[in-house]
Structure formats: C-alpha cells, structure tokens
Amino acid sequence: MKVLITEKIPSSAKTILEGQGVEVIEFTEDRPMTREELLTMAKDCQGIISMLSNKIDKELMEACPQLKVVANYAVGFDNIDLAAARERGIKVGNTPNTLAETTAELALSLMMSVARRLPEAFANVKNGEWKRWLASGFLGRDLKGKTLGIFGMGEIGEAMAYKCARGFDMKVLYCARSPKKNAEEKLGAQKVDFDTLLQEADYISVHCPLTPETLEIFNKDAFNKMKKAPIFINTARGKVVNQVDLDEALKSGKIAGAGLDVTEPEPLSPESPLLKHANVLITPHIGSATHETRTNMAALAAQNIMAGLLGEKLPAEVK
Ligand code: DGY
C-alpha cells in the first residue's frame with residue numbers, strides 16, 4: 001500500500017505508516033506542490049495525507065482509482081469535495097482534538113496584540129522613532145471585563161471562551177447552531193443571535209468552518225451593525241470575511257482593528273490594502289503551528305490513513 005504526504009510534516013506520521021508496512025512517498029520541497037505534481041504523485045496511492053492548500057476534488061479522485069482514504073492535515077476540510085469522496089467510497093479524516101488550544105492561543109495573541117497596538121509600538125521602536133515615554137501615546141484597550149463575541153462555538157471557540165472568561169473575566173456571547181451547555185454552566189457564556197453578537201461585542205473572534213452559510217458572513221451589513229467599534233479576530237477561514245468590506249470598516253472606524261491569521265487569497269499579496277492599516281496584524285495561517293500540536297496532528301492523520309487502508313472506522317472521520 002502506498003501513501004502520499006503532500007508536504008513535510010513531523011516524522012510521527014511516516015513512522016506510524018512505515019511501521020505498518022506502508023510505502024510512504026513525500027513531497028519535501030520547500031514550496032507547495034503544483035496541481036500537476038499532486039496528480040502525478042497521487043495516481044497509484046491508496047492514501048493521501050493532504051494539506052488545506054491541496055484541492056482534493058473529483059478530478060483528483062478520478063486520477064487516483066485506488067484511493068481509499070484522504071487524511072486532511074487540518075481540522076477544516078473545505079478543500080475536499082466530500083460528496084465526490086462519498087460517491088466513490090473514499091473516506092475522509094481530519095484532525096480535531098489536537099489543535100483547539102493552540103489555535104485559541106493564537107486568536108488570543110492576536111486579540112491582545114491588536115488591543116495593545118503591539119505592531120505599531122514595535123514598528124516605532126524598530127524605526128528609531130522611540131524618543132521618550134509618552135503620556136498619551138499608544139493607548140490601547142483592556143480585555144478585562146469586556147464582552148467577547150465568539151462566532152462558531154466548536155472546540156476552538158470553546159477553548160477561546162474558556163481562556164477569555166477565566167483569564168480576563170470577559171463576558172462571553174456566542175453564535176452556534178446548538179447551545180453549549182458546558183460553556184454556559186461553567187463560564188456563563190450566552191448563546192445569542194448574530195445581530196446581538198455584532199451589536200454588543202467589544203471583541204469578535206471567528207471560529208466557524210467555511211460553509212455556504214458562513215461564506216462572507218462578515219460583510220458590509222455585519223460591520224455596519226457593530227456598535228462598539230470592536231476588534232475583529234479571524235483564525236478560521238479568510239472567505240468568511242468580505243475583505244473589501246473589512247477594509248472599509250477599518251477606514252470608517254466601524255471596527256477598531258483586526259487580527260487575521262487567515263485571508264483570501266493565501267498568501268495575501270503584499271499590495272493588499274489591509275496591510276496599510278496600522279491597527280491590523282496579519283499572520284500567515286499559523287493557528288496550529290506549534291511543535292507539539294503539529295506532531296499530534298501528524299500522528300492522528302497517520303492513524304486516519306491506517307484505519308482507512310484497513311477498511312476500519314477512522315478515529316477522526318468527516319461525514
Ligand atoms: C485547520 O486545522 O483547519 C487550520 O486552519 C490549519 O492549521
């Protein structure tokens with residue numbers, strides 16, 4: 001059996017697979033695979049460990065007649081055509097229960113950095129502009145006691161809620177399909193409708209999957225409903241935001257700043273108008289990027305592959 005790993009990931013994956021007698025081929029160059037390379041390398045594989053930058057669609061599945069399982073090296077799976085996989089009996093796995101804390105830590109880092117204007121303050125020091133202590137310079141805003149609106153209360157949203165409620169005494173409002181009893185009982189979190197979240201939050205953190213319902217849900221209408229000029233954080237997917245409208249909202253002061261780990265497209269062009277705002281901090285999709293988490297993700301991806309090859313239920317199967 002042969003498995004393709006489409007980018008360099010921790011060796012835990014390869015160790016697990018080779019330990020079970022699987023032949024592993026890896027794309028190890030320091031650049032994403034081209035589509036042609038993906039189609040060529042995957043064609044006689046039974047399994048693929050894919051990255052969120054790999055489009056796993058009908059064309060690819062047709063080019064890989066022996067494919068049994070795709071293990072996405074991410075919790076999100078909007079790069080995979082699930083219906084096409086289902087039609088062909090190809091199982092799809094992802095990596096939940098590995099990256100929630102790590103991604104929430106990044107969301108919190110962005111939130112704190114934008115709230116305290118760290119990008120501007122660092123640029124000031126770096127550019128030799130720091131001349132004296134300023135009584136009224138770089139005034140930011142506190143987190144303690146403020147209202148956080150969480151859009152998408154899956155495991156990452158809940159981890160964020162916990163950190164903010166426990167660490168900063170923040171009031172947590174959230175939007176989700178179903179109520180989260182644990183967060184409500186333990187943290188006093190309140191489920192609200194989208195408009196209430198927009199109107200009442202001092203900080204908004206996005207943690208939803210990308211679906212037809214969430215596509216560009218943060219658009220002009222949404223930004224216009226924001227009453228408290230919140231700081232806007234997105235560590236989910238770039239496409240949940242209309243970036244032209246986000247740029248406008250920053251210009252008009254509808255929002256006070258933004259911390260984005262995800263953009264559309266990725267990579268974001270250095271010419272993007274978003275980069276011209278002093279109160280915007282953008283990172284290159286590093287939500288799950290810690291040594292510990294990536295090692296755990298690699299192991300889970302390999303376990304998903306093994307189960308798929310053996311015709312068993314995947315430990316983390318996307319249905
Ligand atoms: C995910 O897991 O979906 C993240 O975006 C990748 O780190």
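Just so it is clear, the structure is predicted and the values come from calculations on it, not from any experiment. Numbering of residues begins at 1 and proceeds along the displayed sequence.
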Examine distances only and state if a side-chain atom of [X] and a backbone atom of [Y] form a donor-acceptor pair shorter than 3.5 Å.
| X | Y | value |
| --- | --- | --- |
| K55 | D81 | no |
| T235 | T103 | no |
| T283 | H285 | no |
| N219 | A222 | yes |
| K228 | A201 | no |
| Y174 | G157 | no |
| D261 | G287 | yes |

Which heavy atom of [X] sits nearest to which heavy atom of [Y], and what is that distance?
| X | Y | answer |
| --- | --- | --- |
| C208 | V240 | SG-CG1, 3.8 Å |
| M111 | C164 | CE-SG, 3.8 Å |
| M153 | A176 | CB-CB, 3.7 Å |
| I90 | L67 | CG1-O, 3.4 Å |
| P179 | E184 | CB-OE2, 4.0 Å |
| A301 | A71 | O-CB, 3.5 Å |

Requested in this report: Kindly determine whether V22 and I305 satisfy side chain to side chain contact (heavy atoms under 4.5 Å, CB included), including the steps that lead there.
Outcome: CA-CA 10 Å; V22 172; I305 291 282; 5.7 Å; no

Would you indicate whether the side-chain heavy atoms of [Y] and [X] approach each other to under 4.5 Å?
| X | Y | value |
| --- | --- | --- |
| E59 | R35 | yes |
| V69 | V3 | no |
| V172 | L187 | no |
| I49 | L17 | yes |
| V75 | P209 | no |
| R88 | E62 | yes |
| L260 | L246 | yes |
| K2 | Q46 | yes |

Requested in this report: Test R294 against I9 for side chain to side chain contact (heavy atoms under 4.5 Å, CB included), laying out the working first.
Outcome: CA-CA 7 Å; R294 289 283 167 87; I9 63 173; over 6 Å; no

Counting neighbours of [atom1] on [X] that are heavy atoms of other residues, nucleotides or ligands and sit closer than 6.0 Å, is the number greater than 12?
| X | atom1 | value |
| --- | --- | --- |
| K191 | NZ | yes |
| K220 | NZ | no |
| R177 | CZ | no |
| K276 | NZ | yes |
| R116 | CZ | no |
| K186 | NZ | no |
| F194 | CZ | yes |
| M112 | CE | no |

**Report entry** Pair E101-K163, salt bridge (Lys or Arg N to Asp or Glu O under 4.0 Å): steps then yes or no
**Finding:** CA-CA 9 Å; E101 295 298 328; K163 290 178 200 316; 2.5 Å; yes

Joint hydrophobic cluster, [X] plus [Y], side-chain heavy atoms closer than 4.5 Å:
| X | Y | answer |
| --- | --- | --- |
| F232 | Y203 | no |
| V92 | L60 | yes |
| L281 | V262 | no |
| L118 | W130 | no |
| V280 | I255 | yes |

Report task. Could you check whether the rings of F218 and F223 sit parallel, tilted or perpendicular, using 30° and 60° as the cut-offs? Result -> tilted

Atom [atom1] in [X], atom [atom2] in [Y]: separation rounded to 0.5 Å?
| X | Y | atom1 | atom2 | result |
| --- | --- | --- | --- | --- |
| L300 | T295 | CG | OG1 | 12.5 Å |
| L197 | T147 | CG | OG1 | 10.0 Å |
| E248 | N242 | CD | CG | 10.0 Å |
| E312 | Q303 | CD | CD | 11.5 Å |
| L173 | Q190 | CG | CD | 5.5 Å |
| L198 | I217 | CG | CD1 | 8.5 Å |

**Report entry** Lys/Arg-Asp/Glu bridge criterion (N-O < 4.0 Å) met for K225, D221
**Finding:** no

Query - side-chain contact (heavy atoms from CB on, under 4.5 Å) partner of K146, the single match among D142, L143, L148 - result: D142

Requested in this report: Establish, from distance only, whether the side-chain atoms of T211 and E213 form a donor-acceptor pair under 3.5 Å.
Outcome: yes

Requested in this report: Step by step, work out the side chain to side chain contact (heavy atoms under 4.5 Å, CB included) result for N279 and R117.
Outcome: CA-CA 7 Å; N279 50 351; R117 303 175 60 178; over 6 Å; no

Requested in this report: Would you please test L268 and Q243 for side chain to side chain contact (heavy atoms under 4.5 Å, CB included) and show each step?
Outcome: CA-CA 11 Å; L268 187 69; Q243 277 177 193; 3.9 Å; yes

Report task. I would like to know whether E26 and K14 meet salt bridge (Lys or Arg N to Asp or Glu O under 4.0 Å); could you show each step before the answer? Result -> CA-CA 9 Å; E26 291 171 288; K14 197 174 176 195; 3.3 Å; yes

Report summary line: Test side chain to side chain donor-acceptor pair (under 3.5 Å), reference N72, set N94, D78, N304, N79, output is N79

